[in-house]
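Down below is the structure, laid out as structure tokens.
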Amino acid sequence: MVHADAWNQLQGWMAAQGMERLWLYRPENFAWLTGGDSTVVAGEGVAWLEATRDELVMHTSVIEAARLAEEEAPGLRPISYPWHALPPLQYPNDLEHDLTSLRLVLPGRACEQFRTLGRETAMALGEAVREALPGWSERRLAAVIAERLTARGIQPVVLLAAGEDRLFRYRHPLPKDRPLGRLCLAVVCGRRHGLVANVTRMRSWGHPEVAGLYEQVLAVEAAALAATRPGATLAHVLEAVRSAYERLSRAAAFEEHHQGGLAGYRPREIVATPATHVELGHGMAVAWNPSLPGAKVEDTFLITAEGLENLTLDPYWPVVSVAGRERPAVFQG
């Protein structure tokens, strides 16, 4: 099934470029147009699309043709090739033409898929973190998170976990065979239907510093969320984030890790920088992730006419009110 609004958008772009044909190899563009997943191993796409003025055709190997046609992109005409004789790269294609800007406003059907994905990703992560014990290793926590996600048909494309020692040292802690201790952080970028939901949660078993640190990152996030509105640019939001760190006398934290950006068919479609003047609008998704050594907060939001909608809300996770908005608390005990 083809996302009609994505297809119409691509058709308009091709017409403006004077293109009669475009080959799409990137998995995120496959998902954007079809709602399916062409990725099975090592992040590589196993199918590609041929777009003309009249039709969208799927190309793949004989290994994948039946599965993709039945489960990922029903309705598309498949053309298959021997696995040992795949054709060479065709031009023009989306490896030389960046289509990110076309994907930023999510197709209507994708918004509904994102709502379900976000909620289930947050719930899977929350279940695993609430089950954890101080004596668990980071790898055991990561394994339980992965199991809970996989049971819901969600692929963890990013999975980070840290206990109290490594949490204060690294912003991207790949799980190691180290105990959680009195504090843990878990981060997931979960993918289904090609969409990626981003969530971070923290748990404390009486750690003395986390409350103060977490309050500070919530204050920075509140500034980012308040600045996230249609017509604002990513650079504008980032300036609000920088100012919030400065008010906390933590200006250096702005340089120590990226602060987030636009989400969708990749964990970040666009990472916000001071020079990113992309304008925000309805139907775009954002994920801000302010952090300090020892604390981080992150959810995925959809920009709607009614305001920001938290796609990764977990009804079972405790919350705290920040600037009139419910935000995840540090789970205690």
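All of these numbers come straight from a predicted model, not from anything done at the bench.
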Between [Y] and [X], is the closest basic N to carboxylate O distance under 4.0 Å?
| X | Y | value |
| --- | --- | --- |
| Glu256 | Arg250 | no |
| Lys296 | Glu298 | yes |
| Arg109 | Glu112 | no |
| Arg182 | Glu164 | yes |

Taking only residues two or more places apart in sequence, or in another chain, which ones meet [X] in a side-chain hydrogen bond (donor to acceptor under 3.5 Å, both in side chains)?
| X | result |
| --- | --- |
| Trp288 | Thr228 |
| Glu72 | none |
| Arg178 | Asp165 |
| Asn8 | none |

Verify the cluster assignment for [X] and [Y]: are they in a single hydrophobic cluster under the rule of side-chain heavy atoms below 4.5 Å apart?
| X | Y | answer |
| --- | --- | --- |
| Ile79 | Leu49 | no |
| Tyr170 | Leu292 | no |
| Leu195 | Trp7 | yes |
| Ile303 | Phe114 | no |
| Leu104 | Leu99 | no |

Write down the atom of [X], the atom of [Y], and the distance for their closest heavy-atom approach.
| X | Y | value |
| --- | --- | --- |
| Cys184 | Val129 | SG-CG1, 4.4 Å |
| Leu141 | Ala132 | CD1-CB, 4.1 Å |
| Arg171 | Ser291 | NE-OG, 2.8 Å |
| Val158 | Pro267 | CG2-CG, 4.5 Å |
| Gly294 | Leu183 | O-CD2, 4.1 Å |
| Ala142 | Leu159 | O-CD2, 3.3 Å |

ask   = Could you go step by step and tell me if Tyr245 and Glu255 meet the side-chain hydrogen bond (donor to acceptor under 3.5 Å, both in side chains) rule?
value = CA-CA 10 Å; Tyr245 279 121; Glu255 302 293 340; over 6 Å; no

Give a yes or no answer on whether the side chain of [X] reaches the backbone of [Y] with a donor-acceptor pair at less than 3.5 Å.
| X | Y | value |
| --- | --- | --- |
| Arg152 | Arg148 | yes |
| Asn93 | Gln90 | yes |
| Asp94 | Tyr25 | yes |
| Gln9 | Leu102 | yes |
| Thr276 | Ala235 | no |
| Glu138 | Gly163 | yes |
| Gln11 | Thr52 | yes |

Working to the nearest 0.5 Å, report the span between [atom1] of [X] and [atom2] of [Y].
| X | Y | atom1 | atom2 | value |
| --- | --- | --- | --- | --- |
| Leu24 | Phe30 | CG | CZ | 10.5 Å |
| Glu50 | Leu56 | CD | CG | 9.0 Å |
| Ile145 | Thr150 | CD1 | OG1 | 11.5 Å |
| Arg192 | Leu149 | CZ | CG | 10.0 Å |

Salt bridge (Lys or Arg N to Asp or Glu O under 4.0 Å) contacts touching [range] (sequence neighbours left out):
| range | result |
| --- | --- |
| residues 222-241 | Glu239-Arg242 |
| residues 313-324 | Arg130-Asp314 |
| residues 193-207 | Arg201-Asp299 |

request  = Tell me yes or no: between the side chains of Asn198 and Arg268, is some donor less than 3.5 Å from an acceptor?
outcome  =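 Asn198 vs Arg268: donor-acceptor pair found between side chains.
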
task = Tell me yes or no: between the side chains of Thr100 and Arg266, is some donor less than 3.5 Å from an acceptor?
result =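 Checked: Thr100/Arg266 side chains pair up, N/O donor to acceptor below 3.5 Å.
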
My understanding is that only residues two or more places apart in sequence, or in another chain, count here; which of them pass ring pair (Phe, Tyr, Trp, His ring centres under 6.0 Å) with [X]?
| X | answer |
| --- | --- |
| Trp317 | Phe331 |
| His257 | His172 |
| Phe168 | His207 |

request  = Evaluate the side-chain contact (heavy atoms from CB on, under 4.5 Å) criterion for residues Leu262 and Leu234: first the C-alpha distance (whole Å), next the side-chain angles of each, then the deciding distance (0.1 Å), finally the verdict.
outcome  = CA-CA 8 Å; Leu262 286 167; Leu234 289 176; 3.9 Å; yes

Using a 4.5 Å cut-off on heavy atoms from C-beta on, say whether the side chain of [Y] contacts that of [X].
| X | Y | answer |
| --- | --- | --- |
| Leu95 | Arg26 | yes |
| Val330 | Gln332 | yes |
| Leu117 | Val196 | no |
| Val157 | Cys189 | yes |
| Arg53 | Arg21 | no |
| Pro27 | Trp32 | no |
| Val220 | Leu218 | no |
| Asp5 | Pro107 | yes |

message = Counting neighbours of CD on Glu147 that are heavy atoms of other residues, nucleotides or ligands and sit closer than 6.0 Å, is the number greater than 12?
response =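 Enclosed: over 12 neighbouring heavy atoms sit under 6.0 Å from CD of Glu147.
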
key: Glu131 and Trp136: CA distance, side-chain angles, deciding distance, side-chain contact (heavy atoms from CB on, under 4.5 Å) verdict   = CA-CA 10 Å; Glu131 183 181 332; Trp136 279 20; 3.8 Å; yes

ask   = Is there a side-chain contact (heavy atoms from CB on, under 4.5 Å) between Thr312 and Phe301 once you walk through the steps?
value = CA-CA 7 Å; Thr312 47; Phe301 292 85; over 6 Å; no

inquiry  = Apply the hydrophobic cluster definition, ILVMFWY joined by side-chain contacts under 4.5 Å directly or through others, and give me every member besides Val271.
reply    =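 Result for Val271 is none, singleton.
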
ask   = Which is it for Thr304 and His282 under the side-chain contact (heavy atoms from CB on, under 4.5 Å) test, yes or no, and what are the steps along the way?
value = CA-CA 5 Å; Thr304 74; His282 295 151; 5.7 Å; no

ask   = Which pairs count as ring-ring contact (aromatic ring centres under 6.0 Å, His included) when at least one residue sits in residues 70-99, sequence neighbours excluded?
value =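 For residues 70-99: Trp13-His97, Trp48-Tyr81, His59-Tyr81.
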
